[in-house]
Amino acid sequence: MDERNIELLIPGPIPVSDEVREVMGHQVAQHYGPDWMPIYERFVSRLRRVFVTTGSVYPIPASGSGGLETVIGSLTGADGRIGVVANGFFGNRVLEIARSYSSNVEVLEIPWDRAADPDDVRRWVRTHKLPLIAVVHSDTSTGVLNPVPEIAAAVRAEGAAIIVDAVSSLGGAPVETDKWGLAAVATASQKSLETPPGLAPVAVTRAGWEVIDRQPKSYGWYLNLRTWRRFEREWGSHHPYPVTIPSNLILALDRALQLILDEGLEQRFERHRRAQAAVREGLERIGFRMFADARWASPTVTVAYPPAGADAAVLIRNMRTHGFAIAGGLEQLAGKVIRIGHLGTQAHPELMRRAVDALEVCLREGAAAKR
């Protein structure tokens with residue numbers, strides 16, 4: 001099948017709208033100066049509205065992991081203390097990033113099919129006297145959504161700060177940076193923000209800057225928030241960032257942010273919830289078993305075990321012949337599950353129902369081939 005006719009239902013990157021693709025095709029724009037700055041300031045304003053913050057926001061040119069490294073390294077400082085909640089492949093990614101900056105890292109390991117319990121997190125923070133923790137909001141390896149508002153409240157009650165990986169949740173699930181008392185949040189352009197890969201927007205609140213400024217030293221330059229703040233202050237009128245930013249990606253994300261805000265965040269979150277319900281109900285109807293319990297199921301990605309006798313890898317391969325690209329499991333779930341993204345442009349109940357119908361055909365074809 002022609003790759004251009006494949007519906008991309010992996011957990012990112014996702015298809016982008018015609019409006020966003022059209023902006024990407026513009027001639028390269030100058031990334032500084034009087035003509036550019038009003039565009040950039042509008043972009044920053046929209047980005048703040050989606051992060052729901054009045055704090056600092058920076059469009060780090062990187063993948064989502066680059067944004068995470070920026071906030072984790074900057075807030076941890078040189079060999080500072082940090083705890084990581086790990087209940088999925090990307091929780092382990094956060095742990096690996098933290099350990100690359102510090103030898104003083106604690107980890108709270110939780111079974112992958114469960115969300116973190118805020119009371120457990122609070123006891124762990126208290127026991128280890130942690131000043132800072134990091135947690136993944138929605139882990140695309142498991143389809144588990146951690147209760148970040150409650151975790152943040154528990155952590156702050158112990159005097160600690162919290163960093164949140166919102167790579168696959170921002171724009172698809174509520175993330176209220178200021179209201180929840182988060183120190184820093186990192187995301188990525190290619191998931192619920194409906195833009196091609198290449199930008200890792202981060203948000204830093206006053207609480208986050210207080211953590212950074214307590215550190216005697218921070219490693220690095222490019223992925224160091226002190227560097228970004230310095231250029232914002234010293235070059236703010238014409239070039240408020242330390243590097244050449246990808247101007248066409250900024251324009252594309254700005255257009256996507258406009259579409260997101262025009263839709264309305266609450267309406268958008270409800271659309272994602274309806275897409276999640278459609279795919280979960282459909283998969284259960286045809287014999288799949290959900291990996292994440294409904295109590296903590298992510299509205300942006302669903303992970304499920306195939307029915308007995310069906311092979312996940314074969315289903316994934318055969319789905320392409322029916323026009324859909326879905327993903328397989330990672331690490332301990334490799335070869336065992338399928339993963340379906342319903343982020344941003346994917347998050348439509350009817351599209352989810354069509355994908356489930358195709359999976360049902362694949363199951364029938366597989367059963368017939370075995371007879």
Side-chain angles (χ1 to χ4, degrees), residues 48 51-57 67-68 70-77 79-88 90-92 94-95 97-99 101-102 104-112 114-139 142 144-167 169-170 173-187 202-216 218 225 269 292-293 295-299:
R48 282 198 178 102
F51 273 112
V52 197
T53 185
T54 59
S56 306
V57 294
L68 286 166
T70 300
V71 294
I72 292 169
S74 298
L75 273 74
T76 304
D79 222 29
R81 297 188 65 238
I82 183 173
V84 176
V85 177
N87 58 336
F90 290 99
N92 289 341
V94 169
L95 178 61
I97 293 170
R99 284 175 171 165
Y101 280 89
S102 176
N104 296 312
V105 180
E106 299 289 339
V107 58
L108 179 62
E109 293 186 346
I110 298 166
W112 281 23
R114 301 190 67 81
D117 181 277
D119 291 334
D120 291 343
V121 175
R122 182 171 184 172
R123 284 189 288 269
W124 169 64
V125 169
R126 182 185 303 160
T127 298
H128 294 281
K129 298 180 173 59
L130 294 169
L132 175 68
I133 77 155
V135 64
V136 176
H137 191 198
S138 170
D139 198 309
T142 61
V144 168
L145 187 79
N146 281 312
V148 166
E150 293 81 5
I151 292 172
V155 165
R156 287 187 288 104
E158 296 299 321
I162 181 170
I163 294 168
V164 173
D165 170 344
V167 167
S169 59
L170 191 81
V175 177
E176 300 199 30
T177 303
D178 289 357
K179 182 178 178 180
W180 294 355
L182 311 180
V185 181
T187 191
V202 302
V204 190
T205 64
R206 179 181 298 179
W209 286 119
E210 289 173 356
V211 174
I212 292 169
D213 290 336
R214 285 200 298 267
Q215 308 302 335
S218 299
L225 284 169
F269 301 150
D293 187 275
R295 290 172 292 172
W296 44 70
S298 171

Chemist: Of all residues at least two apart in sequence or in a different chain, which pass the salt bridge (Lys or Arg N to Asp or Glu O under 4.0 Å) check with R206?
Modeler: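 Partners of R206 under the salt bridge (Lys or Arg N to Asp or Glu O under 4.0 Å) test: none.
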Chemist: Could you tell me whether the side chain of V211 reaches within less than 4.5 Å of the side chain of R214, counting heavy atoms only?
Modeler: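 R214 vs V211: side chains touch.
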Chemist: Just to verify, what does R48 make a salt bridge (Lys or Arg N to Asp or Glu O under 4.0 Å) with, not counting sequence neighbours?
Modeler: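 Result, salt bridge (Lys or Arg N to Asp or Glu O under 4.0 Å) vs R48: none returned.
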Chemist: My understanding is that only residues two or more places apart in sequence, or in another chain, count here; which of them pass side chain to side chain donor-acceptor pair (under 3.5 Å) with S298?
Modeler: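 If we apply the side chain to side chain donor-acceptor pair (under 3.5 Å) test to S298, skipping adjacent residues, the hits are S138, T300.
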Chemist: Do you know which two heavy atoms are closest between W209 and S56, and how far apart they sit?
Modeler: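 Smallest interatomic distance, heavy atoms only, reads NE1-OG, 3.0 Å.
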Chemist: Working to the nearest 0.5 angstrom, can you tell me the gap between I82 CD1 and L132 CG?
Modeler: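 So the gap between those two atoms works out to 4.0 Å.
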Chemist: Does A166 offer a backbone N or O that forms a donor-acceptor pair with the side chain of T187 under 3.5 Å?
Modeler: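 The answer is yes, because a donor-acceptor pair under 3.5 Å joins these two groups.
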Chemist: Could you check whether any side-chain heavy atom of V121 comes within less than 4.5 Å of a side-chain heavy atom of I133, counting everything from C-beta outward?
Modeler: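 In short, these two side chains touch, coming nearer than 4.5 Å.
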Chemist: List for me each residue that meets side chain to side chain donor-acceptor pair (under 3.5 Å) alongside W180, sequence neighbours excluded, and say none if there are none.
Modeler: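 W180: no side chain to side chain donor-acceptor pair (under 3.5 Å) contacts found.
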Chemist: Salt bridge (Lys or Arg N to Asp or Glu O under 4.0 Å) with E106: which residues, sequence neighbours excluded?
Modeler: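 Once residues adjacent in sequence are excluded, E106 has no partner under the salt bridge (Lys or Arg N to Asp or Glu O under 4.0 Å) criterion.
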Chemist: Is it true that a side-chain atom of D139 and a backbone atom of G91 form a donor plus acceptor pair closer than 3.5 Å?
Modeler: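 A pair under 3.5 Å: yes.
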Chemist: Is E158 reaching over with its side chain to a backbone N or O of K129, donor-acceptor style, under 3.5 angstrom?
Modeler: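 Between the backbone of K129 and the side chain of E158 there is no qualifying donor-acceptor contact (under 3.5 Å).
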Chemist: Between G67 and V202, which heavy-atom pair has the shortest distance, and what is it?
Modeler: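 Closest approach of G67 to V202: O-CG1, 3.7 Å.
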Chemist: With sequence neighbours excluded, tell me which residues meet side-chain contact (heavy atoms from CB on, under 4.5 Å) with P216.
Modeler: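 Scan of P216 (side-chain contact (heavy atoms from CB on, under 4.5 Å), adjacent residues dropped) gives none.
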Chemist: Apply side chain to side chain donor-acceptor pair (under 3.5 Å) to T205 and list each qualifying residue two or more places apart in sequence or on a separate chain.
Modeler: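 Scan of T205 (side chain to side chain donor-acceptor pair (under 3.5 Å), adjacent residues dropped) gives none.
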Chemist: How close do H137 and V164 get, heavy atom to heavy atom, and via which atoms?
Modeler: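 Residues H137 and V164, closest heavy atoms: CB-CG1, 4.0 Å.
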Chemist: Can you give me the closest heavy-atom contact between A134 and V94, atom names plus distance?
Modeler: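 Heavy-atom minimum between the residues: CB-CG1, 3.8 Å.
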Chemist: For A115, which residues count as a side-chain contact (heavy atoms from CB on, under 4.5 Å) partner, sequence neighbours excluded?
Modeler: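 With neighbours one apart ignored, the set is V144, N146, P147, W296.
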Chemist: About how many Å separate OG1 of T76 and CD of Q215, when rounded to the nearest 0.5 Å?
Modeler: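 Output value for this atom pair is 7.0 Å.
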Chemist: Can you list the residues that meet the side-chain contact (heavy atoms from CB on, under 4.5 Å) rule with E109, with sequence neighbours excluded?
Modeler: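 With sequence neighbours excluded, E109 shows a side-chain contact (heavy atoms from CB on, under 4.5 Å) to V107, given in chain and number order.
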Chemist: Could you tell me the separation between the CZ atom of R295 and the CZ atom of R114, rounded to the nearest 0.5 Å?
Modeler: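 If I round to the nearest 0.5 Å, the distance is 6.0 Å.
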Chemist: Calculate, to the nearest 0.5 Å, the distance between atoms CD1 and CG belonging to I162 and L75 respectively.
Modeler: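 One gets 11.5 Å once the value is rounded to the nearest 0.5 Å.
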Chemist: Which residues pass the side-chain contact (heavy atoms from CB on, under 4.5 Å) test with Y101, not counting sequence neighbours?
Modeler: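 With sequence neighbours excluded, Y101 shows a side-chain contact (heavy atoms from CB on, under 4.5 Å) to E69, I97, Y219, given in chain and number order.
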Chemist: If you measure from CG on N87 to CG on D117, what distance do you get to the nearest 0.5 Å?
Modeler: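 Rounded to the nearest 0.5 Å, the CG-CG separation comes to 11.5 Å.
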Chemist: Which heavy-atom pair separates A186 from V71 by the least distance, and what is that distance?
Modeler: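 Nearest heavy atoms, A186 then V71: CB-CG2, 4.1 Å.
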Chemist: Is there a side-chain contact between F90 and V167 in this structure, where contact means two heavy atoms from C-beta onward sitting under 4.5 Å apart?
Modeler: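 No. Closest side-chain heavy atoms not under 4.5 Å.
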Chemist: In chain order, what residues pass the salt bridge (Lys or Arg N to Asp or Glu O under 4.0 Å) check against R123, with sequence neighbours excluded?
Modeler: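 Expected list: D120.
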Chemist: Identify, with sequence neighbours excluded, every residue that meets side chain to side chain donor-acceptor pair (under 3.5 Å) alongside D165.
Modeler: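 Counting only residues at least two positions away or on another chain, D165 forms no side chain to side chain donor-acceptor pair (under 3.5 Å).
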Chemist: Kindly give the heavy-atom pair with the smallest separation between S169 and V175, and that separation in Å.
Modeler: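 Minimum heavy-atom contact is OG-CG2, 3.8 Å.
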Chemist: Side chains of T54 and D178: do they bring a donor and an acceptor to under 3.5 Å?
Modeler: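 There is such a pair between these side chains.
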